[in-house]
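Inspection log for the structure reproduced underneath, given as structure tokens.
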Amino acid sequence: MSRVVQFAEYGTPEVLRVVDAEPPVPGPTQVRIAVRAAGVNPIDWKILSGQMRQLFPVELPAGVGSDVAGVVDAVGSEVTEWAVGDEVLGRSMTGSFADYALAESDEIVRKPAGVAWEVAGSLAGAGGTAYTVLKKLGVKAGDTLLVHAAAGGVGTFAVQLAKAQGVNVVGTAGESNHEYLRSLGATPVTYGDGLLERVQAVAPEGVDAVLDASGRGEIPLSIELTGDPSRVLTLVAFDKADTGIQVHAGGSGRELGEALRELATLVAQERLVVSVSQTYPLADAGAALSASTTGHVHGKLVVVP
């Protein structure tokens, strides 16, 4: 038997239970992973709450989590690129807050040697999303990118991925996170009244693209800064789609494999820093999700079976 975190009804993290279950059996193109670490993402508690049921319907009872890192434990009949004992990271098809999870063979990559399990298990969701949205925005070396909520989960990855491409990054954050953003190579500005003028002061030649991961109402000024709504992409302000901006709700989508390879390479080269704030055992997965709902976590939260 193995343990898995499940919810039988939508609600708050208090509805989560750790239950015993038979280890899942991989399909022809899948592998089973003995989970070593599973990162927490806001989408996890949003799915749990039921607010995402139109976009991400689930069959109850359902597992939780999709970021995963661990050791391949079994392979499907058509899998040739992975073998039992391989150390991997990526996205799971079944809840990753568990002893075992299933993943499609093309949605995992090899874990670089020396990279901590907690870091490896934190890349797919926020990192994959950041990689995909930067491609959608088409930023290139020499461009200036404004990232709202730059110290958050996706924002932290976006800043570093953009810097690795030679992009100039301005990031909004509270004053307490300014030094952190500087350490990542971004120019920090404080959000709130007067933001437009503060951004113009540090980017006098203009802003080429904006990534909004905050949802604090910055869409109008973002459009003003770029001069083109299509150069603004939001992960949260879905109600502003009629302004002509890009709205992204699909995570990494079809870019996942490519994203994971890039992320793993940058981490191995120490060009991408992933800060882990706290780890939780399976029994405390609810506490991990509760902490994530506050929106004020600095670094990744990780469930460790």
Side-chain angles (χ1 to χ4, degrees), residues 5 13 16 33-45 64-71 87-92 95-99 101 103 108-131 147 149-161 163-164 171 173-174 176-186 213 251-252 259-260 262-305:
V5 175
L16 294 177
I33 299 170
V35 179
R36 296 291 184 267
V40 177
N41 293 297
I43 190 69
D44 299 326
W45 58 261
V64 186
S66 58
D67 278 14
V68 69
V71 180
E87 297 184 347
V88 298
L89 64 91
R91 179 171 66 193
S92 65
S96 58
F97 297 179
D99 288 323
I108 54 175
V109 298
R110 196 170 304 278
K111 183 184 83 70
V115 173
W117 285 115
E118 293 82 0
V119 170
S122 300
L123 296 180
T129 298
Y131 180 91
V147 180
V154 174
T156 295
F157 280 102
V159 167
Q160 295 182 83
L161 289 173
K163 292 297 296 182
S176 62
N177 281 318
H178 282 198
E179 190 55 42
Y180 172 64
L181 289 181
R182 290 190 188 96
S183 74
L184 300 180
S252 54
L260 288 173
E262 176 73 8
L263 292 163
T265 297
L266 290 174
V267 169
Q269 295 173 346
E270 298 183 350
R271 297 171 62 198
L272 176 64
V273 177
V274 181
S275 172
V276 175
S277 174
Q278 189 169 348
T279 61
Y280 298 80
L282 280 184
D284 292 337
L289 291 189
S290 293
S292 177
T293 64
T294 67
H296 297 295
V297 177
H298 183 74
K300 292 291 294 187
L301 305 174
V302 184
V303 174
V304 181

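Only this structure's heavy atoms are used, side chains among them; waters, hydrogens and symmetry mates stay out. Bear in mind that the values here come from a model prediction, so they are computed numbers and not experimental data.
Using a 3.5 Å distance cut-off with no hydrogens or angles, the side chains of Thr293 and Trp45 do not pair a donor with an acceptor.
Residue Glu270 qualifies as open at atom CD: its count of foreign heavy atoms under 6.0 Å is 12 or below.
Counting all heavy atoms, side chain and backbone alike, Ser122 lies closest to Val274 at CB-CG1, 4.2 Å. Taking every heavy atom of both residues into account, Ala173 and Ala151 meet most closely at CB-CB, 4.4 Å. When every heavy atom of Ala150 is checked against every heavy atom of Gly171, the shortest pair comes out as CB-CA, 3.6 Å. Closest approach of Trp117 to Val88, counting heavy atoms only: CZ3-O, 4.1 Å. Nearest heavy-atom pair across Ala98 and Pro305 is O-CG, 3.2 Å. The minimum heavy-atom distance between Ala264 and Pro112, with the atom names listed, is O-CG, 3.5 Å.
Annotation: side chain to side chain donor-acceptor pair (under 3.5 Å) contacts of Asn41 (sequence neighbours excluded): Asp67, Lys300.
Between Asp284 and Val303, every side-chain heavy-atom pair lies at or beyond the 4.5 Å cut-off. Counting heavy atoms from C-beta on, the side chains of Val302 and Tyr280 never come closer than 4.5 Å. At a threshold of 4.5 Å between non-hydrogen side-chain atoms, the residues Tyr180 and Thr156 count as touching. Looking only at side-chain heavy atoms (C-beta outward), Phe157 and Leu272 come within less than 4.5 Å of each other. Using a 4.5 Å heavy-atom threshold, the side chains of Val276 and Leu301 count as separate. Side-chain contact between Val35 and Asp99: absent, with no pair of heavy atoms (C-beta onward) separated by less than 4.5 Å. Put simply, the side chain of Gln160 reaches to within 4.5 Å of the side chain of Val273, judged on heavy atoms. Annotation: side chain of Leu260 is not in contact with side chain of Ile108 (no heavy-atom distance under 4.5 Å).
Interatomic distance, Arg271 CZ to Leu161 CG, rounded to the nearest 0.5 Å: 10.0 Å. Annotation: the span from Arg36 atom CZ to Lys111 atom NZ amounts to 10.5 Å, rounded to 0.5 Å. Atom CG of residue Asp44 and atom OG of residue Ser96 lie 7.0 Å apart, to the nearest 0.5 angstrom. Residue Leu184 holds its CG atom at 10.5 Å from CD of Glu179, rounded to the nearest 0.5 Å.
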(request) Could you please spell out the steps behind the side-chain contact (heavy atoms from CB on, under 4.5 Å) verdict for Val68 and Leu89? (result) CA-CA 6 Å; Val68 69; Leu89 64 91; over 6 Å; no
